[in-house]
Every structure is written in structure tokens, then in C-alpha cells.
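Remember, it's 1-based here, ligands and their atoms both numbered in the order they're listed. Note that this is a predicted model, so its numbers are computed, not measured.
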Amino acid sequence: MIDRLIDAIIEKQNPTAVGLDTKYDYLPEDFRKALMAGVTKADVAERAAKAVFNFNREIIDAVCDIVPAVKVQVAYYEMAGLPGMRCFYDTLAYARHRGLVTIADIKRNDIGATAQAYAAAYLGSMSIEGKAVEAFPADFVTVNGYLGTDGIKPFADACRENDRGAFILVKTSNPSSGELQDLKVEDGRTIYEVMGDQVCQWGGELTGKYGYSDLGAVVGATYPEQGEALRKRLKSVFFLIPGYGAQGAGGKELVGCFDERGLGGVVNASRSILCAYKKQDTTDFALAAKREAERMKADIAQALEQAGKPMITECAK
Ligand SMILES: O=c1ccn([C@@H]2O[C@H](COP(=O)(O)O)[C@@H](O)[C@H]2O)c(=O)[nH]1
């Protein structure tokens, strides 16, 4: 699956993902009003979930020729209960239908049999009476690796068996990520370096034609020096890079996460794209999202160019 993501990045010359962290409140007021006329307490969640799906569909239609992937953050769907989870499914399915690679940002972690169940839900299927049921159409998931090998192996197995991928939290983008991740262990490595080295080892046999593995790492754009050092350290590990836009990072901050071919990561932006219409002073949220996605693409391309790492234009055979 990592090869498919990288092929799509090269074809679109764009290492970014649009984050569909679609909070109902982000929808423009007119759009909400039109869909919620006469709503009752009994059907408000259902109607809101439909409105969110319509919003997502318009964003996906607007950006699908520009970006290779979407990242759908489950938290924003889960909080609307069953209609929200239906919307999560429909959003992933629609993005896949429009040719996008889908990343389900679920940050799961558990042990053994339970991790296996999560992996089946998002990266494989469940067998019921001999019939395979695919629960959620995700190509990649995000995983927390702090339960160790028992928690990761089921995901790695599902990646191998079903041609899927997973990004494991290594150095996260949030302000307090250093409280635990930057602590040093006895041999002098930080905890995030230990986790990065583990990801490298766990994903060793899942390496594709670009030298990157189906098991990648989450590395925040908000920590440029750590990102650069991790790129040098973890040569086979592809990065999912959050922190662009709303969290303050721009192209310059994240070039260190890329290799000499201009590859090595996919940069996510959620709020800066979903809410771009507010900054652009328009109600045409889809057009505003498209413009912001194009601006982000150009910003990263320029930063890669200036760092002497322009992206290769040919996909590997
Ligand atoms: O270290 C991390 C890991 C995950 N995230 C997620 O990425 C997006 C960022 O959204 P923005 O609106 O672009 O800030 C969101 O889904 C986070 O849960 C992260 O930010 N940092």
C-alpha cells in the first residue's frame, strides 16, 4: 500500500493529505440552515451527519484531482454516535471511489486478540459464516505503539495480508509531546527514537519499491529538527506529518522529513483546509478548500526545491 500512496504522490506531484476532521460547527451557516430546517431532537444527529457527509463530498470532489489522500479523523464522527460512524464510513468509501488513498486516523492500541479485532475492522475483514465483511474502507490507519510488539503485530500482519499500511505514533505534533516522548532511556536514546527504531524493525519485511515500508511513523511538522534527524535515522520509514497550517508549521518546517528524491512523507492539514472559506471570506467552502490545497502544494514544492530536494517525476517500476 505504501507504493500506491507514493505513486499517487508522484503522479499528483503533491505529498499532502486533506484532513477531514469535520466538526459540524465548521460547516458554513447557510449550508447548515438549508439542511436542518424543521429538525427535531429525534433526528438532529442523523441530519447533522448527513450535512457533514454532503460537506465532505463537496470537499473531496474539489480536491481529488490535486491531492493523493485524505485522512479522516474518527473522533469527529464518533461523537455523533451511530449516524456519525455511518458518515465516517461513507466519507472513506466516497474518497476511495474518487480515487484517493484513505487514512483512517483512529489511533488504536490494545493487545493480542483485541488488536487483531481492530486490525480486522480497519485493515481487513471479519469472517462471518464464511463470508468476509469489510467494516471500514481504510488503506492506512494510525496506531499507538506503546503496548509493544503484541499491539503492533496484528496490524503488521493485516498490512501484509491485505496490502494495507499503518502509521505508528513516534514524535507527535502537540506542544506537550516532549513530556514523555523526549525522555531519555539508559542508552541515551529518547523515547521517540526508541519508538522510531521499533517501527523500523517492525516494518522491515514490508518494504516496497521506493525503499519505504507499509509501517510508517507519525512525525509532527512542528518539530523540524527532530523530523530531520528522524528522516536520517529511519531510512525505510515513511512519515505521516501533521501540524501544517492550523498548528503553525509551513513548508520550510517540514522539508527535513523528506529524502533527496523529495519523498518520505505525506503532510496532513485539516482545519486550515476545511475552514479556508472563513479566511477567504466566501461561503464557497469547496472552492476555498481547493485554493488552500493548491497553496499548500505550492508552498511545500517551493520549500523542497529550495532545500535541493525537488520531487522525482517518474514512478518506480
Ligand atoms: O501528532 C499528531 C498526530 C495526529 N494529529 C492529528 O492530525 C490532525 C491535525 O489537524 P489540524 O487541524 O491540521 O491541526 C488531527 O486529526 C489530529 O488529531 C496531530 O495533529 N498530531
Could you list the donor-acceptor pairs under 3.5 angstrom formed between side-chain atoms of residues 52-76 and any protein atom two or more places apart in sequence or on another chain?
from, atom 1, to, atom 2, distance (Å)
N54, OD1, R57, NH2, 3.3
N56, OD1, T22, OG1, 2.6
N56, ND2, Y77, OH, 3.0
N56, ND2, T91, OG1, 3.0
D61, OD1, Y94, OH, 2.5
D61, OD1, R98, NH1, 2.7
D61, OD2, Y94, OH, 3.3
K71, NZ, D105, OD2, 2.5
Q73, OE1, A75, N, 3.2
Q73, NE2, D105, OD2, 3.1

- Task: Taking only heavy atoms of the protein into account, state which residues are under 4.0 angstrom from an atom of ligand 1, in chain and number order.
- Result: D21, K71, Q73, D105, K107, T172, S173, V218, P242, Y244, Q247, N268, A269, S270, R271

- Query: What residues form a salt bridge (Lys or Arg N to Asp or Glu O under 4.0 Å) with E228, not counting sequence neighbours?
  - Reply: K232

- Query: With the threshold set at 4.0 Å, does a side-chain nitrogen-carboxylate oxygen contact exist between R32 and D25?
  - Reply: no

- Ring-face cation of R231 near F239 (centre distance under 6.0 Å, axis angle within 45°): yes

- Message: Restricting to side-chain hydrogen bond (donor to acceptor under 3.5 Å, both in side chains), what partner residues turn up for D182, sequence neighbours left out?
- Response: K171

- Query: What is the ring orientation for F31 with F285, classed by angle as parallel under 30°, tilted 30 to 60°, or perpendicular over 60°?
  - Reply: perpendicular

